[in-house]
Amino acid sequence: MAIQTPKGTRDILPNEIHKWNYVEKEFAIICKRFGYQEIRIPVFEYTELFQRGVGDDTDIVQKEMYTFNDKGGRSITLRPEGTAGVVRSYIQNGMSSLPQPVKLFYQITAYRYEQVQQGRYREFHQFGAELLGAQDAAADVEIISILALFFEKIGVKNLILNLNSIGCPECRKAYNELLKEYLSDKISDMCDTCKTRYDRNPMRILDCKVDSCRAHLINAPALLDHICDDCRAHFEQVTHKLETIGIPYNIDRNIVRGLDYYTKTVFEFVSENIGTKGTVCGGGRYDGLVEEIGGQPTPGVGFALGVERLLLEMESQGIEFPEADAPDIYIGAIGERAGQVAEKLTWQLRSKNIYCIKDIMGRSVKAQMKYADKLNVRYTLILGDNEIDSNKARLKDMKTGETKDISLDTLIDRLVKNKA
RNA sequence: GUGGGUAUAGCUCAGUUGGUUAGAGCGCCAGGUUGUGGCCCUGGAGGUCAUGGGUUCGAAUCCCAUUAUUCACCCCA
């Protein structure tokens with residue numbers, strides 16, 4: 001069996017690359033319009049960054065990371081997401097001395113060792129943005145509005161914005177006690193994972209999908225109803241501002257993002273057509289993360305968007321992508337002498353920024369024309385001894401089939417003019 | 001980590017109750033008289049039928065294992 005891509009990875013082939021180029025470009029344009037600058041971070045980091053940043057308790061760190069020791073014996077991990085690396089860079093490069101807030105966006109691959117299924121791969125692509133240094137609800141709303149505008153710009157409709165607040169460490173601590181109290185007489189009846197969650201991270205019990213566990217949770221207190229005054233005020237400002245701009249949202253008390261660093265606002269945009277849970281992107285506020293990784297206390301908010309899922313959603317909505325450019329002209333040649341002229345002509349055209357393809361197989365005129373047709377070129381020009389002697393050639397419009405005699409001297413100028 | 005589906009040419013798939021040199025469409029290459037694509041016609045290349053065992057006189061076909069892939073659960077992007 002020939003070697004294939006490893007499980008959960010895939011090639012992005014030329015026939016679909018225009019889709020990727022399109023969304024990448026549009027995303028960058030939107031981010032820049034909001035004042036975000038692109039940052040590129042390493043594919044791998046020291047494992048400790050993710051253990052501290054993403055959280056030792058999370059599924060990602062416990063079972064999904066690609067971790068190995070390098071030849072120097074250092075523990076290295078392929079990034080499972082982008083935020084931790086960006087925040088590390090913020091600290092390492094002294095960005096707290098830059099004018100605040102600092103606004104960054106990125107387009108990365110990320111790696112998680114998981115079972116693959118539709119819209120979930122072991123190597124996947126994320127677009128993300130991070131806003132560091134701003135604690136006001138306006139920052140949360142700006143982050144969300146980048147996404148809303150991006151979706152609007154590329155024509156993606158009907159994504160639902162689910163919103164929740166998971167409070168700050170203080171109110172979460174109080175809530176965890178409340179939840180444990182509520183569950184104290186029920187936990188013995190619940191699943192094993194819930195039992196371990198009960199001690200380590202009771203909030204995650206709310207996420208359990210086991211029916212018998214769910215039954216016990218129906219009347220469980222919701223975190224959103226027990227956050228502190230400060231967090232409540234923040235959440236109300238977020239919803240109020242969203243209403244002001246006109247971004248619809250849905251409050252979902254059950255969103256508990258899978259990364260430990262989130263505080264206060266958490267959100268996700270979900271689709272109903274792409275299977276599984278349909279999360280196209282997720283994000284939230286992470287006011288404790290910079291400090292956790294070793295920087296000065298700095299508020300932050302951001303998101304990550306799954307590009308594979310975005311493309312799935314776009315395809316299921318029948319959104320048309322701009323086609324890749326077709327060549328302006330194909331230069332064919334018969335024989336050695338014409339080949340040389342074609343060579344030179346092609347070079348001149350290309351240097352004038354004309355998208356020009358030339359025969360390099362020495363094939364028959366018929367084969368060359370077929371090839372030109374498949375490339376979807378606009379014009380063809382076949383050179384032979386006659387053309388070179390007369391300094392004229394027949395330019396053929398491949399759409400209409402019309403031909404026109406044209407002087408080789410004026411060809412370049414005409415094509416350049418034609419293109420402009 | 002758990003459960004189900006699938007695995008035949010580059011792609012999409014046929015292959016009858018196990019029976020000779022395994023097929024089609026598309027794609028690719030070439031030709032249909034001298035130098036012009038699309039339509040049509042002809043020909044060609046390309047498959048250890050995922051891999052390894054087993055049953056059988058005989059296996060693409062039945063059984064087992066492995067691997068890959070896919071969908072779902074968990075969780076996430």
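Quick caveat: nothing in here was measured; it's all calculated off a predicted structure. Quick note on labels: first sequence line is chain A, next is B, and so on, each numbered from 1.
Within the 4.0 angstrom heavy-atom criterion, no nucleotide atom of any strand lies near A/Phe127. Across all strands shown, A/Glu308 has no heavy atoms under 4.0 Å from either base or sugar-phosphate atoms.
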- In 5'-to-3' order, the base (B), backbone-only (S) or no-contact (-) status of each nucleotide in nucleotides 6-12 of chain B, using a 4.0 angstrom heavy-atom cut-off, is -------
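Taking only side-chain atoms of A/Lys374, from C-beta outward, the nucleotide of B/rC29, B/rG35, B/rC73 with the closest atom is B/rC29. Nearest nucleotide to the A/Lys370 side chain, out of B/rA77, B/rG31, B/rU2: B/rG31.
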Report, one line per pair, each donor and acceptor closer than 3.5 Å where one atom sits in a side chain of residues 393-401 of chain A; sequence neighbours left out.
from	atom 1	to	atom 2	distance (Å)
A/Arg394	NE	A/Asp405	OD1	3.4
A/Asp397	OD1	A/Lys399	N	2.8
A/Asp397	OD1	A/Thr400	N	3.3
A/Asp397	OD2	A/Arg378	NH2	2.9
A/Thr400	OG1	A/Glu402	N	3.2

Identify every side-chain donor-acceptor pair in residues 143-154 of chain A under 3.5 Å, counting partners at least two apart or on other chains, and give the distances.
from	atom 1	to	atom 2	distance (Å)
A/Ser145	OG	A/Val141	O	3.1
A/Ser145	OG	A/Glu142	O	2.8
A/Lys153	NZ	A/Glu26	OE1	3.1

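Between A/Arg363 and the phosphate of B/rC29, there is a side-chain N or O to OP1/OP2 separation shorter than 4.0 Å. For B/rU69, the OP1/OP2 oxygens have a side-chain nitrogen or oxygen of A/Lys7 closer than 4.0 Å. One finds no side-chain N or O of A/Gln4 lying less than 4.0 angstrom from the OP1 or OP2 phosphate oxygen of B/rA68.
The cationic group of A/Arg122 lies under 6.0 Å from the six-membered ring centre of A/Tyr113 and within 45° of the ring axis, placing it in a cation-pi geometry.
Looking at residues two or more places apart in sequence or on another chain, you find a side-chain contact (heavy atoms from CB on, under 4.5 Å) between A/Ile293 and A/Leu49, A/Val87, A/Ile91, A/Leu289. The side-chain contact (heavy atoms from CB on, under 4.5 Å) test applied to A/Phe68 returns A/Ile76, A/Leu78, not counting sequence neighbours.
RNA chain B contains the following stems of three or more consecutive Watson-Crick or G-U pairs, with both distances under 3.5 Å: B:1-7 with B:67-73, B:10-13 with B:23-26, B:28-32 with B:40-44, B:50-54 with B:62-66.
Side-chain contact check for A/Tyr286 versus A/Leu132: some heavy-atom pair is nearer than 4.5 Å.
Note on A/Glu343 versus A/Lys358: salt bridge recorded, some NZ/NE/NH1/NH2 to OD/OE distance being below 4.0 Å.
For B/rG37, the base is not stacked against the aromatic ring of A/Tyr371, per a cut-off of 5.5 Å between centres and 30° between planes.
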